[in-house]
Amino acid sequence: MAGLVRGARIGVDVGSVRVGLASSDPDGLIATPVETVPRAAVPKEPGAISADVAQIAREVAERGAQVVYVGLPRHLKGTEGAASEAARDYAATLARTVAPVEVRLVDERMTSVTAHQALHASGRAGRKHRAVVDQVAAVIILQSALDAERASGQRTGELVERDG
């Protein structure tokens, strides 16, 4: 992994109600859950950011993250819909906020399903999934990106442009 700078990576699972966060160790070996952040209203003032984006930016700074991987929800056939557009918009806002740290979109098909299955297999009751499923989905997104980094020796996913 000669091309990769050492440092934590952040995984983000964007939902309409909550945002799941995960982080890696500085060597990018293992993803662990961080927290679930409630989505906040987007402020009307120009240039202002929402509380959830501000919280992610604090995590990026505190952990010295080198890249943020945001899950891009696609349909099973690979096409994009309204959820993809919302994730792209969120990632663009995040990219402007955490610059110069890179933000990259990675395919997250089936992560929520996998997260629910993992929670069920761990014995956690279904009604308690909601509180942590976004964190587990963020871990799955981040671990997939870490595995792809190790396999290729470079960052994975689609780089989010900061201008707009």
Side-chain angles (χ1 to χ4, degrees), residues 1-39 52-53 55-81 83-84 86-88 90-95 97-98 101-126 128-160:
M1 293 202 313
L4 297 177
V5 176
R6 188 171 188 269
R9 286 81 152 162
I10 300 288
V12 180
D13 177 56
V14 181
S16 58
V17 177
R18 290 172 300 278
V19 179
L21 297 181
S23 180
S24 77
D25 57 288
D27 292 319
L29 298 175
I30 192 102
T32 56
V34 173
E35 68 179 313
T36 300
V37 180
R39 281 292 295 266
D52 51 322
V53 170
Q55 177 60 32
I56 296 168
R58 279 191 295 276
E59 289 291 338
V60 168
E62 287 173 11
R63 295 171 185 276
Q66 296 299 308
V67 64
V68 178
Y69 288 112
V70 176
L72 180 63
R74 288 190 167 121
H75 300 291
L76 290 180
K77 291 182 178 181
T79 58
E80 295 187 13
S84 301
R88 285 183 178 281
Y90 195 91
T93 298
L94 193 55
T97 305
V98 303
V101 174
E102 285 186 359
V103 174
R104 293 181 164 270
L105 289 162
V106 293
D107 191 338
E108 71 156 56
R109 275 179 275 188
M110 302 298 290
T111 55
S112 291
V113 171
T114 304
H116 279 289
Q117 288 172 340
L119 288 167
H120 181 73
S122 73
R124 186 178 284 262
K128 295 181 181 177
H129 286 192
R130 193 173 293 155
V132 295
V133 72
D134 301 290
Q135 287 178 51
V136 174
V139 166
I140 294 167
I141 290 165
L142 181 55
Q143 191 64 56
S144 295
L146 295 174
D147 294 345
E149 275 188 5
R150 273 196 304 285
S152 70
Q154 58 191 5
R155 301 283 186 231
T156 189
E158 174 188 334
L159 180 63
V160 177

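In this structure, the side chain to side chain contact (heavy atoms under 4.5 Å, CB included) partners of A91, at least two apart in sequence or on a different chain, are V70, V103, L105, V160. Taking the salt bridge (Lys or Arg N to Asp or Glu O under 4.0 Å) definition, one finds that R6 meets it with D27, sequence neighbours left out.
By the 4.0 Å N-to-carboxylate-O rule, R155 lies close enough to E149 to be salt-bridged with it. Salt bridge absent: R58 and E62 never bring a charged side-chain N and a carboxylate O closer than 4.0 Å.
Looking at heavy atoms from C-beta onward, R88 lies in side-chain contact with L72 at the 4.5 angstrom threshold. In this structure, V14 and R39 have side chains that are in contact, with non-hydrogen atoms separated by less than 4.5 Å.
Remark: the backbone N or O of G157 is paired with a side-chain donor or acceptor of R104 at under 3.5 angstrom. Of the possible donor and acceptor atoms, none in the side chain of Q143 sits under 3.5 Å from a partner among the backbone N and O of A138. Using a distance-only test at 3.5 Å, with no hydrogens or angles considered, a donor-acceptor pair links the side chain of Q66 to the main chain of G64.
Just one of D52, D134, V37 meets the side-chain contact (heavy atoms from CB on, under 4.5 Å) condition when paired with R18; it is D134. Results of the side-chain contact (heavy atoms from CB on, under 4.5 Å) test with V34 over V12, L21, L142, I10 single out L21 as the only residue that passes.
Y69 approaches I141 most closely through the heavy-atom pair O-CG2, 4.2 Å. Minimum interatomic distance between P33 and V139 (heavy atoms only, all atoms of both residues): N-CG2, 3.4 Å. Smallest separation of non-hydrogen atoms from L146 and A31: CD1-N, 3.9 Å.
For the atom pair D147 CG and L29 CG, the distance stands at 10.0 Å (nearest 0.5 Å). Note that CZ of R9 and CG of D25 are 7.5 Å apart. Values are rounded to the nearest 0.5 Å. Atom CD in E108 sits 8.5 Å away from atom OG in S84 (nearest 0.5 Å). Once rounded to the nearest 0.5 Å, the distance linking CZ of R74 with CG of D107 reads 5.0 Å. With rounding to the nearest 0.5 Å, the separation of CD in E35 from CD in Q55 is 4.5 Å.
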